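Report on the following structure.
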Amino acid sequence: MRAADEDRFREFARDNAVPLRRYGYLLCGDWHLAEDLVQTTLHKMYGAWPRIRGTDRPVSYARQTLTRCWLDERRRPWRRSERHTDTLPEVADAAADPAVLQQHAGLRAELATALATLAPRQRAVLVLRYFCELPVAETARELRCSEATVRSQATRALRTLRGAFPDSLAESEL
Amino acid sequence: MDEQMLAREFTSAVRAEPPLGFDPDEVVTRVARRRHRRRAVLLACAGVVAAAAVAAFAIPVTRPAADVPVQPAAPPRPTPAAGERWWPPGTGEIAQPTDARINARGPRIAEHLEGVLRKMLPPADPIRRDSITSAHFGGIMPTSQRGVSIIEHGGPEATGYSLTVEVFVPTNPVKRFQPRQLCAEMKVQISPSTTCRYAAVGTSGILMTSETDSFDREGTLQRGIAVTDYRADGSYVMVSLGGTVGVIVPLPLTAEELATLARDPGLTL
């Protein structure tokens, strides 16, 4: 890669590392894994940068790459065997550890649990539609599926979430 | 739950995010360095394979383009002129190690290499393994090679040097070549400033040394040295040493020391 291209890629990485990590966090529910996903995404994008820098969608490309990385991660055997069965037990000194507090400061436990029950693509649809605020057509393009699939996935995912905690979320201050 | 509630929940979830746990600049630097090294390895492989194919098809040595300034090759050294030997020796096929053998030998070769390097390099220079790859290395020509490629990084993380050691066996059908043709091809494939010298070793081997001074992509003049021990058994070991992009790094080993390393009997598949 030429030095000028590399500089532009550095700038892209600096500007988009945090937004991409947020996107990754909402997909996987874990800040540390989200950081791993962002770094993997940057690695993959480096080689493709000369090809995509001229397009107007490098951020979209990055999100697509990160989504694929996450889906790949989910397919790994060791991760398939992982199952969330309950909330994590509280530990006596958890409050003393800022890192633990930070980890718990994100998604509310019940929403995180409900999201974890969704199929990965349903979760990706929700995050792209309601966090990234992408229209249906753009979401379909990023997930390489039809617009009808996006709509049906979103409907099913929301129905699942409503079923998971119909009252607690409605009563809480969101 | 409706869409607005979910959107608010998502936004609120990322509001209390922890500080970024990595430096994006550092990630880019790391991947750039890794790709640069891989590219250097592939270029070297492509050069060797191209030269072998050139020799096999008996095409005359390529003359450089008229507008490319060509520096004279290395200082005159005794080299076999007429009747120069061909490599690999013989006309038959080369015995191929199995993939399992190559995979098993990779880590052992790397361990042996690091043991040797600790004795050769200045004690203050930390060395760490950057990568070890056991694979089938392709090129732009029909001949490819199989074996192990190990990249070691020495010196400080950001300003050190990298040493690549490759232990390869050409795949069958083998394309034979003469050293002078390979040297000429190196000037074309790597840089016109490449100097190349070679000598016969034993009854069938060739030891070839090439040195290149070229500007990297940040405009820094970089020196690179590569020594290849083309062995009588048809395998070969290429050792190449180079600096860091954008930094002038004194190379810790001379061409003679690299030749000693390339001829190490422990570097074998």
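What you see is a predicted model, and the numbers here were worked out from it, not measured in a lab. Below, read A as the first sequence line, B as the second, and so on, with proteins coming before strands; counting in each chain starts at 1.
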Discussion item. Can you tell me which portion of A/Arg14 sits under 4.5 Å from chain B's heavy atoms? Options are side chain, backbone, both or neither.
Written reply: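 Both backbone and side chain of A/Arg14 come within 4.5 Å of chain B.
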Practice prompt. Give, as side chain, backbone, both or neither, the part of B/Arg15 having an atom under 4.5 angstrom from any heavy atom of chain A.
Written response: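 Neither; nothing under 4.5 Å.
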In Å and rounded to the nearest 0.5 Å, what is the [atom1] to [atom2] distance from [X] to [Y]?
X: B/Met5; Y: A/Leu161; atom1: CE; atom2: CG; result: 10.5 Å
X: A/Gln39; Y: B/Glu26; atom1: CD; atom2: CD; result: 8.0 Å
X: B/Glu17; Y: A/Trp31; atom1: CD; atom2: CH2; result: 4.5 Å
X: A/His43; Y: B/Arg34; atom1: NE2; atom2: CZ; result: 5.5 Å
X: A/Arg21; Y: B/Phe22; atom1: CZ; atom2: CZ; result: 7.5 Å
X: B/Asp25; Y: A/Glu11; atom1: CG; atom2: CD; result: 10.5 Å

Please name the pair of heavy atoms, one in [X] and one in [Y], separated by the smallest distance, quoted to 0.1 Å.
X: A/Ala17; Y: B/Pro24; value: CB-CG, 3.7 Å
X: A/Tyr130; Y: B/Leu6; value: CD1-CD2, 3.7 Å
X: B/Val14; Y: A/Tyr25; value: CG1-CD2, 4.1 Å
X: B/Phe10; Y: A/Leu126; value: CE1-O, 3.7 Å

Item to complete: Inspect the surroundings of CZ in B/Arg128 and state if more than 12 heavy atoms from other residues, nucleotides or ligands are less than 6.0 Å away.
Response: yes
Discussion item. Take a 6.0 Å sphere around CD1 of B/Ile248 and say whether it holds more than 12 heavy atoms from other residues, nucleotides or ligands.
Written reply: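 Result for CD1/B/Ile248: open.
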Discussion item. If you count heavy-atom pairs within less than 4.5 Å of chain A, which of B/Asp23, B/Val27, B/Leu20, B/Thr29 leads?
Written reply: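 Of the options given, most contacts go to B/Leu20.
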